[in-house]
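The next block holds one structure in the form of structure tokens; read it before the comments.
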Amino acid sequence: MVTIEERLRVEEFLFKEARLADESRYSEWEALAEDDMHYWVPAEAGQDPDDGRISILNDNRTRLATRIRQLNTGVRHAQVPPSRMCRIISNVEIETIADGEYFVRSNVVLYEYRIQADKKMEVWPARVEHKLRMRDGEMKMFSKHIHLLNSEGPVRGLSFII
Amino acid sequence: MLDNSRPSEGIRFEELILDDRVHSTLYTDSEVFEAEMDSIFRNGWVFICHDSEIPKAGDFVRRNVGRDPVFAVRGRDGEISVIVNRCAHRGNIICQEERGNAKAFVCQYHGWAYDTKGGLVDVPYPAGFKGDFSCHGLERLAKVDSYQGFVFASFNPTVPSLGDHLGRATELIDRAVEMSPVGRINLSGGWVRHQLNCNWKMLPENDTDGYHVNFVHPSFAQAIRSNYDEAVLQDEESLKSEAKDWGNGHTELNFSPSYSRPLEWFGCAEDRYPSYSKALREAYGQEKGDKILLDGPPHAVIFPNLFLGEMNIVRFEPVAPGVCLHIHTPMYLEGVDDDVNQRILRQSEGALGPTAFLLADDSVIAERTQLALAGKGGWLDLSRGAEREVTDDNGVVVGHLTDETSNRGFWRHYKQVMQGPDQSSPTAAAAAA
């Protein structure tokens, strides 16, 4: 059981992380990630990250940095101009992993307006799992796993920060 | 042909496909699409799966052949059947799971049961069934054949042999499997299904287009240092890679001439995986081992739906004139250390699929092209480099990396297939007669 104050800190983090992703503020979003960050979108329900099955996305911190560098070039066509997005976060459940570390489950629905191509609205519902850590008085993430409901596909282009 | 009512009869492909241009209606017209489903995806050979996906008796995977749902299953005799996924009774999906193992396939609607060859073996309340079990089996694709474990099938009982279809391109498949010291690949890594809202033909075209790389992928070059720097990101004179037309619609971008050291194509130095290099040289001899390590895997399309994408295997799947799927899996190698396959997996996730450093950008460009072709449309140019391509001793047409040699090869074969045996080459007409 976490305290009300801990819950507020965790939810504050989720909302901030979502806003930075929604607004494609790539470097500010990246600054929320710890050195041991694992950013993962599995391709199948029940998948293990190390079972040799392919993922839609499976970034360690180094590859995540490359991803952010690519988005920051300004010539990543799939995000020029960036998708317009808003995500709704709900059903937040928090467990303590260790002192100052939290495992957080939430349900997210992301609406994406694909302004750079066919100008269609895409909806991305997902169950999301964060692992968060308080460091020097600031909340950071060291894991974000996004379980898309439609991960088995077909999946449309997903070049923004999910 | 399967029947006499070819949907392509009203379409004058000879007016839509010229040597140096193609008309945009080929990407947008629903009659053209229907004709393709028939002439290419039912009458010709289509890649289904690799035999490593279904190694044991009863193993199955679901697939689509064009739009027809099928499943490939290994029988108790070891042979692979490709079976239409539709109950012979009332048409329900028979094989519900995407992959798995089954002794029999039982329809969940009325309980009709079929064996792994598609034969009907049981009908509930048999007193009311007056049919003949042998006449009520599942529909099987008429032809199934494989090369190096790549399983192809066709609905057409009179299709020319798989060997005729692959022609010289068997060499491309050989090169892919010879990346393994034991000559075997393993597609057990699962597939990612990426939907693009563009015509399916843009997939084989773009995957063997060497001209777009500097323009579609500058963000990749700026964010990553990779083997692509040497292979494609140079001025016209210094680019040594080639665009190739292998015949029968099989096309390639050959990056090998641009590599100057072993494993450059893998984005690392040779000493990164010493046991892999050693195993290749021991298996194939010093000379051929050196060549494999230097040249790397093929980057080639086998007409119509298989892409040997270096260390990835890709299936193209048409859905509608403006919708298709690009479906990929890592090409794991047998007989190598796990860390080699681990690198293959991570590179596959990086290069292909919805989030990839490369394909996410290709897909947006393709979707914008599809938007541009709406309405009456117009001509798309295919002339680049026609005057400077040469035919080598093996009959393969070779052009500059940035030339449209590969796409001209795709369309030449497409035109022949779509026009049907009446107007195609004498050999094909004779074989289909």
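In this text, all values refer to a predicted model and were calculated from it rather than measured experimentally. Chain letters run A, B, ... following the sequence lines, proteins first and then strands; every chain starts at 1.
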Check your understanding: Just checking heavy atoms, which of residues 143-154 of chain A are less than 4.5 Å from chain B?
Key -> A:E152, A:G153, A:P154
**Study point:** Part of B:L359 within contact of chain A (heavy atom distance under 4.5 Å)
**Key:** neither
Practice item. Taking atom types as modelled, find out whether B:Y332 and B:Q342 have a side-chain donor-acceptor pair closer than 3.5 angstrom. Key: no
Exercise for review: Heavy atoms only, distances under 4.5 angstrom: which of B:A360, B:G353, B:P354 has the most pairs with chain A? Name it, please.
Suggested key: B:P354
Exercise for review: May I ask you to decide if B:L26's main-chain N or O and B:D29's side chain share a donor-acceptor pair within less than 3.5 Å?
Suggested key: no
Practice item. Kindly confirm or rule out a cation-pi arrangement of A:R133 over A:F142, judged by NZ or CZ under 6.0 Å from the six-membered ring centre and within 45° of its axis? Key: yes
Exercise for review: Kindly assign one of parallel, tilted or perpendicular to the pair B:F357 and B:F220, based on the angle between their ring planes and the thresholds 30° and 60°.
Suggested key: tilted
Revision key, fill the gap. Looking only at A:L57, A:V80, A:I162, the option with the highest number of non-hydrogen pairs under 4.5 Å against chain B is A:L57
Check your understanding: Just wondering, do B:L352 and B:L358 contact through their side chains at under 4.5 Å, heavy atoms?
Key -> no
Point to revise | Pair B:R63 + B:E53, salt bridge at N-O below 4.0 Å | key: yes
Exercise for review: Please work out which of the three classes, parallel, tilted or perpendicular, describes the rings of B:F150 and B:H50, given edges at 30° and 60°.
Suggested key: perpendicular
**Study point:** Gap between atom CG of B:L373 and atom CZ of B:R368 - 0.5 Å precision
**Key:** 14.0 Å
Practice item. Considering only heavy atoms, give the residues of residues 96-128 of chain A separated from chain B by less than 4.5 Å, sorted numerically, with 'none' for an empty result. Key: A:Q116, A:A117, A:D118
Review point. With the threshold set at 4.0 Å, does a side-chain nitrogen-carboxylate oxygen contact exist between A:E6 and A:R9?
Key: no
Review point. Between B:S219 and A:Q70, is any side-chain donor less than 3.5 angstrom from a side-chain acceptor?
Key: yes
**Study point:** B:G190 versus A:I54, closest heavy-atom pair with distance
**Key:** O-CG2, 3.3 Å
Revision key, fill the gap. Max heavy-atom pairs within cutoff under 4.5 Å with chain A, candidates B:R193, B:Q370, B:E98, goes to B:R193
Check your understanding: Are the charged groups of A:R7 and A:E11 less than 4.0 angstrom apart, N to O?
Key -> yes
Review point. What residue pairs, at least two apart or across chains, pass salt bridge (Lys or Arg N to Asp or Glu O under 4.0 Å) with a residue in residues 316-339 of chain B?
Key: B:R315-B:E317
Revision key, fill the gap. Heaviest contributor of heavy-atom pairs below 4.5 Å to chain B, chosen from A:R76, A:H77, A:R67, is A:R76
Point to revise | Any residue of residues 19-52 of chain A which, by heavy atoms, sits under 4.5 Å from chain B | key: A:A43, A:E44, A:P49, A:G52
Review point. Below 4.0 angstrom, N of the basic side chain to O of the carboxylate: do B:E367 and A:R156 qualify?
Key: yes
Exercise for review: For the residue pair B:D362 and B:H326, confirm or rule out a side-chain donor-acceptor distance under 3.5 Å.
Suggested key: no
